[in-house]
Chemist: 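Sharing a structure below in structure tokens format, with a few things to ask.
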Number of protein chains: 2
Amino acid sequence: MKNSAKKRGFDDACGMAHGLELLGDRWALFVVRELMLGPRRFGDLRADLPGISANVLAQRLTELEANGIVVRGKLPPPASVPVYGLSEWGYEAEPIVQELGRWAARSPRHDPTLPISGVSILLSFRTMIDRKAIGDLVLAVGFRFGEDEYLGHLGADGFSVGRGAADAGDIVFVGTPSVLAGFVYGGAPLAELAESGALHLMGDPALAARFAALFVLPPKFVPPPR
Amino acid sequence: MKNSAKKRGFDDACGMAHGLELLGDRWALFVVRELMLGPRRFGDLRADLPGISANVLAQRLTELEANGIVVRGKLPPPASVPVYGLSEWGYEAEPIVQELGRWAARSPRHDPTLPISGVSILLSFRTMIDRKAIGDLVLAVGFRFGEDEYLGHLGADGFSVGRGAADAGDIVFVGTPSVLAGFVYGGAPLAELAESGALHLMGDPALAARFAALFVLPPKFVPPPR
DNA sequence: CGGCATCCGGGAAGATACTG
DNA sequence: CAGTATCTTCCCGGATGCCG
């Protein structure tokens with residue numbers, strides 16, 4: 001009888017309180033974030049969640065599944081490996097992740113030099129895109145982070161992205177999520193990144209620059225003097 | 001040296017991760033929620049946060065202040081009592097609370113019969129209002145929960161609310177937040193509530209009914225069969 | 001009385017080792 | 001690779017007490 005579901009509740013009918021009971025445990029929202037672009041395997045989650053231990057990840061997955069947020073599945077043969085995905089309702093948690101990220105980006109203490117996962121940076125594009133700046137630009141953008149490939153579509157209604165063949169993009173970024181973040185958000189010059197081999201671009205550099213210019217971080221909050 | 005901020009961080013540049021470092025501690029987001037409609041006193045926070053202990057509340061307030069989210073103030077004489085409010089940036093956290101609440105309202109496990117605070121129910125109105133249903137209705141709505149009075153304004157652009165004299169409303173609800181929730185979200189008949197004394201209405205009952213009809217909870221998520 | 005220390009017990013998270 | 005078992009660490013919550 002390890003559990004008995006004694007979770008300390010909040011005894012509060014407020015939706016926020018219930019949301020925190022479902023997603024407020026340490027690492028829970030990270031797991032949801034990593035699944036936001038499609039199902040993944042246990043080991044992949046662990047690799048992109050540096051710091052989480054196997055038992056905590058297993059427990060979070062179990063709890064999230066019990067609450068109908070995560071769905072345990074199995075790839076068809078011959079793979080036959082277990083995977084974890086989000087339920088339809090689980091996918092609807094994306095605005096939570098977005099608002100949390102958008103708000104925290106204004107924090108004076110935010111350190112953007114820390115490592116970042118591929119899913120994180122791609123989700124941040126969905127959050128931070130400046131729709132008014134898109135104009136009539138339509139573009140397929142591929143991303144290759146090691147073994148993981150994603151394909152995004154830029155259109156008048158924003159930026160969408162999912163697992164897919166990166167080669168299908170009009171432009172393709174190959175590198176690490178951190179370096180890509182440095183290019184898009186940090187304004188690192190593409191030429192230097194390409195020369196050092198940190199970030200490889202396939203396609204028109206001018207298009208890549210136009211793409212990067214669509215994403216801007218909100219201004220930091222400056223506490224007024226006391 | 002109690003220990004120099006050894007908080008276990010996430011080492012993740014994702015904005016969401018930083019947001020959780022700022023607001024992810026137990027009770028932290030509750031404190032922010034309770035301050036969302038204006039500054040309050042230590043004891044008031046404690047009273048509306050059943051279950052929190054004084055030392056934890058003090059610690060959260062200290063941390064939130066150190067991070068620029070909460071601002072410690074003092075009412076002018078002759079009151080001269082200390083109060084806690086939100087910084088401008090702190091107020092910007094409302095979408096986080098809203099999205100969390102909106103999402104959790106679809107949870108199959110959500111129990112709306114639990115107690116609820118005055119701030120919670122009023123914030124939920126801001127979240128859950130159906131803008132398309134407002135039409136040309138313009139209305140000032142007062143709320144009196146014991147000693148606490150709030151005044152809300154309904155207009156084409158939604159519902160806004162703040163601390164204020166409830167009497168100034170075209171209609172005024174007097175009662176507990178829970179009973180008001182039962183009327184607005186649970187469809188409890190106003191006549192019975194008034195008769196039992198649980199909820200007192202000043203003003204036109206038809207207006208109150210029109211007001212209540214503007215707020216609808218999202219449909220529950222029904223997990224598909226395995 | 002409001003605000004914040006201190007001590008303690010319980011339980012969740014972290015690290016590591018181990019098994020199928 | 002996908003988890004489970006076990007031990008340790010530390011946060012949370014309650015009680016108590018000091019101090020303004």
Side-chain angles (χ1 to χ4, degrees), chain A residues 1-12 17 20-31 34-35 39-66 70 72-75 77-85 147, chain B residues 1-12 17 20-31 34 39-66 70-75 77-85 147:
Chain A
M1 56 149 83
K2 51 166 34 167
N3 59 7
S4 72
K6 285 301 287 281
K7 286 285 306 271
R8 295 170 293 183
F10 290 109
D11 279 352
D12 191 318
L20 288 176
E21 286 172 356
L22 296 171
L23 299 176
D25 281 341
R26 193 169 168 82
W27 294 113
L29 202 52
F30 285 81
V31 172
E34 288 300 318
L35 298 179
R40 307 192 66 185
R41 304 188 51 179
F42 189 94
D44 296 329
L45 292 173
R46 214 184 153 184
D48 273 343
L49 261 23
I52 196 173
S53 54
N55 53 6
V56 172
L57 177 54
Q59 187 176 333
R60 289 297 164 272
L61 288 168
T62 302
E63 294 163 355
L64 289 169
E65 185 192 14
V70 157
R72 199 179 295 246
K74 194 181 271 278
L75 255 35
S80 294
V81 295
V83 291
Y84 298 90
E147 303 276 302
Chain B
M1 67 171 66
K2 48 177 40 179
N3 124 357
S4 44
K6 285 301 286 287
K7 287 286 305 276
R8 294 170 291 184
F10 290 108
D11 279 351
D12 191 317
L20 288 176
E21 286 172 355
L22 296 171
L23 299 176
D25 281 342
R26 194 171 167 82
W27 294 112
L29 202 52
F30 285 82
V31 173
E34 288 300 319
R40 307 191 68 185
R41 304 194 51 184
F42 189 94
D44 297 330
L45 292 173
R46 220 187 147 181
D48 273 343
L49 262 21
I52 196 173
S53 56
N55 54 8
V56 172
L57 176 55
Q59 186 177 332
R60 289 297 166 273
L61 287 169
T62 302
E63 294 163 355
L64 290 169
E65 185 192 14
V70 156
V71 178
R72 200 177 294 247
K74 193 181 270 281
L75 255 37
S80 295
V81 295
V83 290
Y84 299 89
E147 302 276 302

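The structure presented is a predicted model; accordingly, all values stated were derived computationally and were not measured. In what follows, chains are A, B, ... by sequence order, proteins preceding strands, each numbered from 1. Below, each value reflects all heavy atoms present in this structure, side chains not excepted, and no hydrogens, waters or symmetry copies.
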Chemist: Measure from CD on B:Glu65 to P on C:dC4 and round the result to the nearest Å.
Modeler: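 For the pair B:Glu65 CD and C:dC4 P, the rounded distance is 9 Å.
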Chemist: Hey, can you tell me if A:Phe30 and B:Phe10 have their rings parallel, tilted or perpendicular (30° and 60° cut-offs)?
Modeler: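 Tilted: the ring planes of A:Phe30 and B:Phe10 meet at 30° to 60°.
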Chemist: Under the side-chain hydrogen bond (donor to acceptor under 3.5 Å, both in side chains) rule, collect the residues that match up with A:Arg72, sequence neighbours excluded.
Modeler: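 So A:Arg72 forms a side-chain hydrogen bond (donor to acceptor under 3.5 Å, both in side chains) with A:Glu65, A:Tyr84.
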Chemist: What nucleotide among C:dA13, C:dC4, C:dG2 has an atom nearest to a side-chain atom of A:Asp25?
Modeler: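 Closest of the options to the side chain of A:Asp25: C:dA13.
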Chemist: My understanding is that only residues two or more places apart in sequence, or in another chain, count here; which of them pass side-chain contact (heavy atoms from CB on, under 4.5 Å) with A:Ala28?
Modeler: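 Only A:Asp25, A:Arg60 meet the side-chain contact (heavy atoms from CB on, under 4.5 Å) criterion with A:Ala28.
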Chemist: Would you say A:Trp27 places a side-chain N or O within less than 4.0 Å of OP1 or OP2 belonging to C:dA12?
Modeler: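 Checking A:Trp27 against C:dA12: no side-chain N or O falls below 4.0 Å of OP1 or OP2.
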Chemist: Pairs under 3.5 angstrom, nitrogen or oxygen only, protein versus nucleotides 15-19 of chain D, please.
Modeler:
| unit_1 | atom_1 | unit_2 | atom_2 | d |
| --- | --- | --- | --- | --- |
| D:dA15 | N6 | B:Asn55 | ND2 | 3.2 |

Chemist: Tell me, what's DNA chain C's dot-bracket, Watson-Crick or G-U with both distances under 3.5 Å, | for other-strand, [ ] crossing?
Modeler: |.||||||||||||||||||
Chemist: Among D:dC12, C:dG14, D:dA2, which is the nearest nucleotide to the side chain of A:Arg41?
Modeler: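 Selected nucleotide: D:dA2.
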Chemist: Looking only at side-chain N and O atoms, does A:Gln59 come under 4.0 Å of OP1 or OP2 in C:dA13?
Modeler: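 So the side-chain polar atoms of A:Gln59 do come within 4.0 Å of the phosphate oxygens OP1 or OP2 of C:dA13, strictly under.
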Chemist: Could you give the CG-to-C1' distance, from B:Leu57 to D:dG14, as a whole number of Å?
Modeler: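 The answer, rounded to whole Å, is 15 Å.
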Chemist: Can you find a side chain N or O atom of A:Arg26 that sits less than 4.0 Å from OP1 or OP2 on D:dC10?
Modeler: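 No.
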Chemist: Tell me whether the OP1 or OP2 atom of C:dG2 has a side-chain N or O from B:Tyr84 closer than 4.0 Å.
Modeler: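 Looking at the OP1 and OP2 atoms of C:dG2, neither is under 4.0 Å from any side-chain N or O of B:Tyr84.
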Chemist: Of the nucleotides D:dC12, C:dA15, D:dG3, which one has an atom closest to the side chain of A:Ser53?
Modeler: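 Nearest nucleotide to the side chain: C:dA15.
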Chemist: Which nucleotide sits closest to the side chain of A:Ala58: C:dT16, C:dG14, D:dT4?
Modeler: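 Closest of the options to the side chain of A:Ala58: D:dT4.
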Chemist: Apply side-chain hydrogen bond (donor to acceptor under 3.5 Å, both in side chains) to B:Ser53 and list each qualifying residue two or more places apart in sequence or on a separate chain.
Modeler: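 Residues passing side-chain hydrogen bond (donor to acceptor under 3.5 Å, both in side chains) with B:Ser53: B:Asn55.
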Chemist: Name every donor-acceptor pair, under 3.5 Å, that has one atom in a side chain of residues 42-49 of chain B and the other anywhere in the protein, sequence neighbours excluded.
Modeler:
| unit_1 | atom_1 | unit_2 | atom_2 | d |
| --- | --- | --- | --- | --- |
| B:Asp48 | OD2 | B:Arg40 | NH1 | 3.2 |
| B:Asp48 | OD2 | B:Arg40 | NH2 | 3.0 |

Chemist: Answer yes or no: does a side-chain N or O of B:Arg60 lie under 4.0 Å from OP1 or OP2 of D:dC12?
Modeler: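 B:Arg60 to D:dC12 OP1/OP2: side-chain N or O found under 4.0 Å.
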